[in-house]
Amino acid sequence: MAQESGFPAMVNDRLLRAARGEEVDQVPVWVMRQAGRYLPEFREVRAKHDFFTMCQTPSLSCQVTLQPLNRFPLDAAIIFSDILVIPQALGMEVEMRPGEGPVFPSPLRGPDDLSRLAPPGDACTKLQYVFDALTLTRKELKGKATLIGFSGAPWTIMAYMIEGKGSKTMSNAKGWLYRHAEASHRLLKIITEATIHYLVGQVKAGAQVLQVFESHAEHLGPQLFRDFALPYLKQICDQVKERVKQLGLPDIPMIVFPKGGHYTLKDLASLKYEVIGIDWTVDPILARELVGPNKVLQGNLDPCALYGDKKSIDTAVKEMVQKFGRHRYIANLGHGMYPDMDPDHLAAFVQAVQKYSKD
Ligand code: 1CP
């Protein structure tokens, strides 16, 4: 197996193998937001530190990244960080407010505000702390699980930069797409360029798989997606793979997760992402038809299924694994863990995946 120098040999490469479409002994499993507030040990660390201080301190980021792996036999660790470090690196202020989530005190109000942004090529120099956290975590993992790096997709990041926080309608950000198409493309290009540098930096630092979160796909439709999202998702995948190759590093499987984007699947299957993540609103059998036989699928249990009892979780996982099949499949939830979920119910989810997916 190709191995970057200086990192421990892989003891468990199940997720990496599945992401490349290779045979596995059982379906690999991890979950989005596996490091987070549903874990008491996370809340304990979080009580002592500001959210972005945790992201910016490699030892803390590494500590909370590993917390879920100390509890559950997961096949991947996702680095503790946030998609909003890119707008921060482009010069925007982002605060994490308790009970409210991320807030930009001065969001982009119009095209003139683009001049406020730092050059995208320089943005990554401010994100060295993420690279350091990845390198440290890759060492600490000792090859027991695959390390996933990530970023937001350009449309999703643009939406936060304009809305300034989460939004039900995304009407300000979508207003730009209809009113300021040219400036929207300029903004998307800046984010894309910064993201490409950022993801390549993550690979250099030790990330073994990259996931691109298009968390706000649901707000676009087929046409807006083709105009304002797909070309940038394509550039990210093509350019990251190209630059990683030029650096002489092994090819890195890439995952794209279009939350709420059932209508995007056929288009996304034409890109080079090896893995497509789906949420629970898409039937796995339909997803397979749409993406064809060669892509790997990831997902997709409704996170709220974890509010059910352990028996119902077991039944739901059995159905999920039967529908996806055991190959070219990575088990996950259809979105992240919520803070009020019971860790024991996540344990039941992971256990059931392993029970129903062994060859
Ligand atoms: O285990 C992990 O997944 C932890 C690492 C991680 C990741 C991958 C965090 C920590 N955030 C993310 C990605 C992220 N951040 C996404 C993409 C995934 C998704 O769709 O959920 C998005 C949209 C964000 C933005 C964000 N950060 C939100 C959503 C805001 C909204 O209303 O639209 C929130 C609430 C955060 C805060 C956050 N990020 C991560 C954690 C653990 C938290 C909770 C905040 C806290 O502890 O105070």
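This structure is a prediction, so every number in the text was calculated from the model and none was measured. Indexing begins at 1, ligand by ligand and atom by atom, following the structure's order.
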Notebook entry, point to check: Do the side chains of Leu147 and Val11 join up, straight or via other hydrophobic residues, at under 4.5 Å, putting them in one cluster?
Noted result: no
Next item on the list: Answer yes when Lys358 and Asp25 have at least one side-chain N-carboxylate O distance shorter than 4.0 Å, and no when they do not.
Entry: no
Margin query: Between Arg116 and Asp113, does any NZ, NE, NH1 or NH2 come within less than 4.0 Å of an OD or OE carboxylate oxygen?
Written below: yes
Check: Who's touching ligand 1 if we go heavy atoms under 4.0 Å?
Finding: Arg33, Gln34, Ala35, Arg37, Phe42, Arg46, Phe51, Ile78, Ile79, Phe80, Ser81, Asp82, Ile83, Met96, Pro102, Phe150, Tyr160, Gly166, Phe213, Ser215, His335
Next item on the list: Describe, in one word, how the ring planes of His185 and Tyr232 are oriented to each other, choosing from parallel (under 30°), tilted (30 to 60°) and perpendicular (over 60°).
Entry: tilted
Check: Are Arg37 and Phe42 in a cation-pi contact, defined as NZ or CZ under 6.0 Å from the six-membered ring centre and within 45° of the axis?
Finding: no
Item checked: Under the salt bridge (charged side-chain N to carboxylate O under 4.0 Å, His left out) test, residues paired with Lys245 that sit two or more places apart -> none
